[in-house]
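What follows is a single structure, written as structure tokens, with notes after it.
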Amino acid sequence: MNASDRIPVLVIAGATGTGKSAAAMLAAGAFKGAVINADSRQAYADFPVITAQPSPEEQAAVPHRLYGFLTCTEKMSAGKYADLAREAVQAVWAAGLVPILTGGTGLYLNALLGGIAPIPPVPKSVSDAWQERCRREGPQVLHDILRERDPQSAARLHPNDSQRITRALEVLEATGKTLGHWHEQPVESGPFLALRILLEMSLEELAPRLKTRMEAMIGAGAVREAEKAFARCPDPAAPGWSGIGCAELHGYLTGALDFETCKAQWLQHTRDYAKRQITWFKRDKDALRLTPGDADSLLRACAKHLGR
RNA sequence: GCCAGGGUAGCUCAGUUGGUAGAGCGAUGGACUGAAAAUCCAUGUGUCGGCGGUUCAAUCCCGUCCCCUGGCA
């Protein structure tokens, strides 16, 4: 496959609150694009405000894909995302529009653009069983088990890392092969020619914006949104509730947190998250780094990549 | 003004029967292959309120001053 067979895509990444959506709208307007979600939480239908999904006006002005299509109890995953996003990119391109991937979930972007190991789906009963056992017996016990059955994975994983330890065990049980085996398989990635744009801002600069943004969400009906979601799905362990702001508002609605504490935690967790994202994206040495708001550089880089 | 309790890390506090101090939270850095807005790891020098005194040695004991909180006037 040569370069001309590959679909050119624009990728707009960066920490939460750096203005990715605005940049995507700008690029979409300039180059006849469609915005495709690359953010795990914005996939949930019940939380458009709290997860900062594009507004109905924005979605009416420019085609958007993969936003708000999951119910609270449905689980998302990197593999599922890669499949859905690949289809979305191809559909958008076939319709004569430029695909613009926008979002802050670095793992999902890697899964889509770099491919992901072809691990078969693990039955829910298997993963639930390991998770339950991890809750009961603790991650160290499971880490010991993993060391016996898959020493290579155990060596890579910290004994406290409950999530990755259970993943390694469930894959081993469901497929009979270790995670290492699967990661050595050739991966298939989409036929894309991606320009990765990274909106960069220091945490210090970002922090006050995050506070303003949270307050704007509350002003835009975040509490009402959480109440409605609660009426439909009260279980805080449901996948949809795991977004930042959702979990804290759930605590407020059940009386576990007063509103001030709820807001303080919401803001703190948002900040922690932004910091993790900054760390994650630092690793991407090839991305084009732009200052949020630098529309000229953004449009010039996109034009060059698209050959226009 | 008197009495009592306090002044120790950015914050809340613990502690040293005298040998210059440590938790939680925060902060900072990092990891990340199907839960990723998740999960996990690493990092603690601070005039122990100021000044004097006792002592080989004081954050700890004594004196004095300053500040905070509560009670009594």
Side-chain angles (χ1 to χ4, degrees), chain A residues 13 15-17 20 37-44 47 50-53 70 73-85 103-124 126-128 130-131 134-135 139-140 142-143 152-153 156-168 170-171 174-175 178-189 202-204 207 210 213-214 217 237-250 261 264-284:
Chain A
T16 187
K20 297 185 289 294
N37 176 32
D39 192 305
S40 72
R41 279 16 260 174
Q42 292 183 354
Y44 286 93
F47 302 103
I50 302 170
T51 63
Q53 294 175 36
L70 288 179
T73 52
E74 289 177 290
K75 194 170 159 184
M76 192 56 180
S77 78
K80 186 171 168 184
Y81 174 77
D83 290 341
L84 292 171
T105 305
L107 178 65
Y108 283 15
L109 251 8
N110 283 2
L112 173 67
L113 301 173
I116 188 162
I119 305 175
V122 174
K124 191 167 182 302
V126 174
S127 56
D128 283 354
W130 281 113
Q131 279 170 48
C134 187
R135 261 192 301 278
Q140 287 90 355
L142 296 214
H143 191 261
Q152 192 195 5
S153 293
R156 287 180 43 243
L157 266 20
H158 191 278
N160 289 344
D161 197 344
S162 50
Q163 213 162 85
R164 292 190 178 84
I165 293 167
T166 47
R167 171 69 182 159
E170 72 186 28
V171 167
T175 71
T178 65
L179 223 37
H181 162 84
W182 290 111
H183 291 159
E184 282 161 14
Q185 303 306 303
V187 297
E188 221 174 291
S189 55
S202 71
L203 191 59
E204 202 183 5
L210 296 177
R213 202 168 79 126
M214 178 187 76
M217 286 175 179
W241 277 107
S242 72
I244 293 165
C246 305
E248 294 78 4
L249 282 169
H250 188 283
T261 308
Q265 289 190 3
W266 180 353
L267 186 61
Q268 183 63 52
H269 293 154
T270 306
R271 195 190 141 94
D272 292 345
Y273 170 50
K275 189 168 151 50
R276 270 178 271 136
Q277 286 178 302
I278 289 170
T279 300
W280 175 284
F281 288 122
K282 244 180 221 171
R283 229 178 3 178
D284 188 350

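Side-chain atoms are counted along with the backbone in the values below, which use heavy atoms only and exclude waters and symmetry mates. Small disclaimer: the values here were computed from a predicted structure and weren't measured. Throughout, protein chains are lettered first and strands after them, A, B, ... in sequence-line order, and every chain is numbered starting at 1.
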Any side-chain donor-acceptor pair under 3.5 Å between A:E204 and A:S202? no
Which base sits across from B:G22 as a Watson-Crick or G-U pair, both distances under 3.5 Å? B:C13
Report yes if the distance between the aromatic ring centroids of A:W241 and A:Y44 is under 6.0 Å, otherwise no. no
Would you say a side-chain N or O of A:S242 is under 4.0 Å from OP1 or OP2 of B:A38? no
State whether A:R276 places a side-chain N or O below 4.0 Å from either non-bridging phosphate oxygen (OP1 or OP2) of B:C32. no
Both distances below 3.5 Å, Watson-Crick or wobble geometry, any strand: find the nucleotide opposite B:C40. B:G30
Between A:T105 and A:P118, whichever has its closest RNA chain B nucleotide further toward 5' is A:P118
In terms of the nearest nucleotide of RNA chain B, which residue is placed more toward the 5' end: A:W280 or A:T51? A:W280
Looking at A:Q268, I'd like to know whether one of its side-chain N or O atoms comes within less than 4.0 Å of OP1 or OP2 on B:C25. no
Sort out the partner of B:U47 for me: Watson-Crick or G-U wobble, both distances under 3.5 Å, none otherwise. none
For A:R167 and B:G34, is the shortest distance between a side-chain N/O and OP1 or OP2 below 4.0 Å? yes
When you check the phosphate oxygens OP1 and OP2 of B:G34, does a side-chain N or O of A:K80 lie under 4.0 Å from one of them? no
Is there a donor in the side chain of A:R213 and an acceptor in the side chain of A:T16, or the other way round, less than 3.5 Å apart? yes
Measure from the ring centre of A:H158 to the centre of the six-membered ring in the base of B:C41, then say whether that distance is under 5.5 Å and the planes meet at under 30°. no
base_contact_polar (B:A35 base, A:R164 side chain, donor-acceptor, <3.5 Å): no
